[in-house]
Engineer: 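Take a look at the following structure, please.
Protein chains get the first letters and strands the later ones, always in sequence-line order, with residue 1 at the start of each.
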Amino acid sequence: MFRTHTCNALHLDNVGEEVTLSGWVHRRRDHGGLVFIDLRDRWGLTQIVFDPDTNTDMHNLAQTLRNEYVIQVTGLVRARPEGQANPNLETGDIEIEGRSLNILNKANTPPFDINKETPVDEMIRLKYRYLDLRRERMQRNIVLRHEVVRYIRNFLSDVDFVEVETPILFKTTPEGARDYLVPSRVHAGQFYALPQSPQQLKQLLMVAGYDRYFQIARCFRDEDQRGDRQPEFTQLDVEMSFVDQTDILDITERLMIGLVETMSEAQIMHKPFPRLSYNDVMDRYGRDNPDIRFGMELSDISALVANSDFKVFSGTVSSGGLVKGIKAKGLGGYSRKQLDELTDYVKVFGAKGLAWLVVDESDEGPVAGRSSFAKFLSTDEVASIIDQLEGEPGDLLLFVADKPAVANESMGRLRLELGDRLGLRDDNILAFCWVIDFPFLMWNEDEKRWDPSHHLFTAPVDEDIPLLDSDPGQARGKQHDLVLNGNEIAGGSVRIHQRELQEKVFGLIGLELEHAKKQFGHMLEAFEFGTPPHGGIASGIDRLVMLLAGEPNIREVIAFPKSQSAADLMAGAPTEVTEQQLKELHIKLR
RNA sequence: GGGGGCGUGGUGUAGUGGUCAACACGCCGGCCUGUCAAGCCGGAGAUCGCGGGUUCAAGUCCCGUCGCUCCCGCCA
């Protein structure tokens, strides 16, 4: 038997027991006489004391111990001497008087500190991931991740969901992200694709009558990485039959609230979660994943400046653009340099510039002080702008005039930046909200056609179905996104379950029926065998755990993540393969 | 595909044209019987990511390249 207890288990009431512990040498303190060893396992630390008076040979052996040696110790639990307890340790009231020591395995000096949370270059952490995973931060995150997944499984199982595994080797779909392809040996020249999500399969499970399905599903997308995007990631995938959108939102909301209140100390800002329309959030926050922890909403001043002499504003409005502003409370003292920084910030998102105005005090109330543009406007126009943004002396007003997409995106991002600068984004607050009533279709200017704003199988809002013929851009879809502190953490929709409507949508997005049949024939055919109304949602587990753990990127909550260039720095993947392997797969490199 | 940041002993950093590349932690050795980031003393350890160039002289400047990272594009 390697151990009788783990390293976080012993307390004063175990005093007098002979115990055996196994683990890693976390730290050693060698006093020449006494040798103290902090023994570590996943559960915690226990101090072992080796005393030369107890057993000289064993004490000598203890002096040879080094960090990360794997050892087994048997000894007597005893209370620490008066005043020697360590309140920072769960086991800090006791120690083990070492009576026998067995070195199970020696260890090389690790390339970085395991026993300290010192920063280490990410390349080295990834190369020695198995050592990084030994560190407290990663152990905490990986265990949290397990607890999150366990909570989800229990919750959904308790309300009659069935977990079903779906294939990893599936079929390529040219829509959406780039696929990871797997060559077929048996079928020369043909390829499987790794699923970008189990979308089609979960809908087919509804056709099959499983009614309530979920899966902790691995998904694959061959796109460039971000801090919150890995080539393979994990989704909580959910699909339900005989539901409308409200049913999906309600159960997801119950799951999220239960999960977060169990796993996190942070406070949920709004219960129930606000349900906001796409148009509303775009107007107020400039993006479809708003951070509603703080106000500082955007203000559309297009109408106020449509006829002004300032061509940057009026010209933008007359060509269908927007002029949107934001009030940065108390930042009127910003220097030219700081204003230039903010200008550079919005330029990243396509804005051509940033107009600014500092509000000053006067006898008649707030007036324009320093400004990049006020001189081009009438006094009344300036006054109406200050009035609409509720500018007060000392405030800084900022504006972008551009196409709606650019004005919204750049100002929406600027709002987040200002929120950071003003310390308004408190990590101890979790502000969930639903975004619904998305446009059903988005005009694709490059291809001159409509694209589905969510995916091909999303249903339009019932009352908007006639609009599909008359004014498709105005139709809303039964899509829903769950947003947490400005991060999209789940998204889904009610699906189309009737073939006629599905074919109509294919037609709208310019997908030839013949082509559609080739790609999605199995779906279309399935829909004719008695498909229940259904819908669902999928949630990014990595992002969710990242937010719950307070980590800045999802690599910190994934045991073996890829680098930004999609490489595994530990194992060294991807690699070249042998000529023989290529030959079997009918592949010639070029 | 594009833009920014970083790359110096094992780790984290300092060094922005001129001694022998500095400091902390770690490592090795010695001393040390109540530490818990133990302490004190001593020591080893770096062709400054790689290649090229400018210069009397390059860790430092220039070009290229590789890697990590952040962002834009991309991500139905």
Engineer: Hey, are A/Glu500 and A/Lys504 close enough for a salt bridge, meaning a charged N less than 4.0 Å from a carboxylate O?
Structural biologist: no
Engineer: Taking ring pair (Phe, Tyr, Trp, His ring centres under 6.0 Å) as the definition, give me every residue that meets it alongside A/Trp450, ordered by chain and number, with sequence neighbours left out.
Structural biologist: A/Trp443
Engineer: Looking at A/Glu417 and A/Arg425, is any side-chain nitrogen of the basic one under 4.0 Å from a carboxylate oxygen of the acidic one?
Structural biologist: no
Engineer: Salt bridge check, A/Glu551 against A/Arg140: does any charged N sit closer than 4.0 Å to a carboxylate O?
Structural biologist: no
Engineer: Report, as yes or no, whether the 6.0 Å neighbourhood of atom CD on A/Glu576 holds more than 12 heavy atoms from other residues, nucleotides or ligands.
Structural biologist: no
Engineer: Does a salt bridge link A/Arg99 with A/Glu97, judged by any charged N lying under 4.0 Å from a carboxylate O?
Structural biologist: yes
Engineer: Do A/Arg449 and A/Asp451 sit within salt-bridge range, that is, some charged N less than 4.0 Å from a carboxylate O?
Structural biologist: yes
Engineer: Could you check which nucleotide pairs with B/U55 in any of the strands shown, counting Watson-Crick or G-U wobble with both distances under 3.5 Å?
Structural biologist: none
Engineer: Using the P atom on both, measure B/C62 against B/G30 and round to a whole Å.
Structural biologist: 49 Å
Engineer: Quickly work out the A/Arg221 CZ to B/C75 P distance and round it to whole Å.
Structural biologist: 10 Å
Engineer: For B/A24, which nucleotide is its Watson-Crick or G-U wobble mate, given both distances must be under 3.5 Å?
Structural biologist: B/U11
Engineer: By the 4.0 Å heavy-atom rule, please label A/Leu45 as base, sugar-phosphate, or nothing.
Structural biologist: nothing
Engineer: Measure the distance from CZ on A/Phe220 to C1' on B/C75 and round it to the nearest whole Å.
Structural biologist: 16 Å
Engineer: Produce a footprint string for nucleotides 64-71 of chain B: one letter per nucleotide, 5' end first; B if the base is under 4.0 Å from any protein heavy atom, S if only the sugar-phosphate is, - if neither.
Structural biologist: ---SSBBS
Engineer: If pairing requires Watson-Crick or G-U wobble contacts with both distances under 3.5 Å, which nucleotide is the partner of B/G45?
Structural biologist: none
Engineer: Starting at the 5' end of RNA chain B, which residue's closest nucleotide do you reach first, A/Gln63 or A/Thr109?
Structural biologist: A/Thr109
Engineer: Counting primed atoms plus P, OP1 and OP2 as sugar-phosphate and everything else as base, spell out the protein contacts along nucleotides 44-49 of chain B at 4.0 Å heavy-atom distance: B, S or - for each nucleotide, 5' to 3'.
Structural biologist: ------
Engineer: Let me know the distance between CD of A/Glu341 and C1' of B/G4, rounded to the nearest Å.
Structural biologist: 14 Å
Engineer: Does any donor atom in the side chain of A/Gln63 or A/Asp30 lie under 3.5 Å from an acceptor atom in the other side chain?
Structural biologist: yes
Engineer: Are any of the side-chain nitrogens in A/Glu514 or A/Lys518 under 4.0 Å away from the carboxylate oxygens of its partner?
Structural biologist: no
Engineer: Identify the nucleotide, in any strand shown, that forms a Watson-Crick or G-U wobble pair with B/G39, with both distances under 3.5 Å; if there is none, say none.
Structural biologist: B/C31
Engineer: Whom does B/C68 pair with, Watson-Crick or G-U wobble, provided both distances fall under 3.5 Å?
Structural biologist: B/G5
Engineer: Kindly say whether, by distance alone, the side chain of A/Arg229 makes a donor-acceptor pair under 3.5 Å with the base of B/C74?
Structural biologist: yes
Engineer: Could you tell me whether A/Glu232 and A/Arg218 have a side-chain N and a carboxylate O separated by less than 4.0 Å?
Structural biologist: yes
Engineer: Taking atom C1' in both B/U13 and B/G59, compute the distance separating them and give it to the nearest angstrom.
Structural biologist: 14 Å
Engineer: Any ring pair (Phe, Tyr, Trp, His ring centres under 6.0 Å) involving residues 45-82 of chain A? Give me the pairs, sequence neighbours left out, ordered by first then second residue.
Structural biologist: none
Engineer: Flag the pair A/Arg129 and A/Asp132 as a salt bridge only when some basic side-chain nitrogen lies within less than 4.0 angstrom of an acidic carboxylate oxygen.
Structural biologist: yes
Engineer: Among A/Lys171, A/Gln196, A/Arg221, whose side chain to side chain donor-acceptor pair (under 3.5 Å) with A/Asp179 holds?
Structural biologist: A/Gln196
Engineer: Please determine whether the number of non-hydrogen atoms from other residues, nucleotides or ligands lying under 6.0 Å from atom CG of A/Asn108 exceeds 12.
Structural biologist: no
Engineer: Taking B/C23 as the reference, what is the distance to B/C66 when you measure between their C1' atoms (whole Å, please)?
Structural biologist: 29 Å
Engineer: Which whole number of Å gives the distance between the P atom of B/C36 and that of B/C72?
Structural biologist: 47 Å
Engineer: Considering only the C1' atoms, how many Å lie between B/G67 and B/G51, rounded to the nearest integer?
Structural biologist: 15 Å
Engineer: Send over the distance from A/Lys127 NZ to B/G10 P, rounded to a whole Å.
Structural biologist: 11 Å
Engineer: Taking CG from A/Asp113 and P from B/U13, how many angstroms apart are they, rounded to a whole number?
Structural biologist: 13 Å
Engineer: If you measure from the P atom in B/G9 to the same atom in B/G34, how many Å do you get, rounded?
Structural biologist: 39 Å
Engineer: Side-chain N or O of A/Arg66 less than 4.0 angstrom from OP1 or OP2 on B/C28?
Structural biologist: yes
Engineer: Using heavy atoms and a sub-4.0 Å distance, could you list which residues of residues 484-495 of chain A are near RNA chain B? By number, please.
Structural biologist: none
Engineer: For the pair made of CG in A/Asp344 and P in B/G5, what is the distance, rounded to whole Å?
Structural biologist: 13 Å
Engineer: How far does the P atom of B/G49 sit from the matching atom of B/C6, given to the nearest Å?
Structural biologist: 13 Å
Engineer: In whole angstrom, what separates A/Arg178's CZ from B/C75's C1'?
Structural biologist: 9 Å
Engineer: Say we look at B/U55 and B/C20: how far apart would their P atoms be, to the nearest angstrom?
Structural biologist: 23 Å
Engineer: Tell me the interatomic distance from A/Glu409, atom CD, to B/C75, atom P, rounded to whole angstroms.
Structural biologist: 14 Å
Engineer: With the threshold set at 4.0 Å, does a side-chain nitrogen-carboxylate oxygen contact exist between A/Lys324 and A/Asp402?
Structural biologist: no
Engineer: If only side-chain N and O atoms count, and only distance matters, is there a donor-acceptor pair under 3.5 Å linking A/Arg495 with A/His455?
Structural biologist: yes
Engineer: Assign a letter to each nucleotide of nucleotides 33-39 of chain B from its 5' end: B, base within under 4.0 Å of a protein heavy atom; S, sugar-phosphate only; -, no contact.
Structural biologist: BBBBSB-
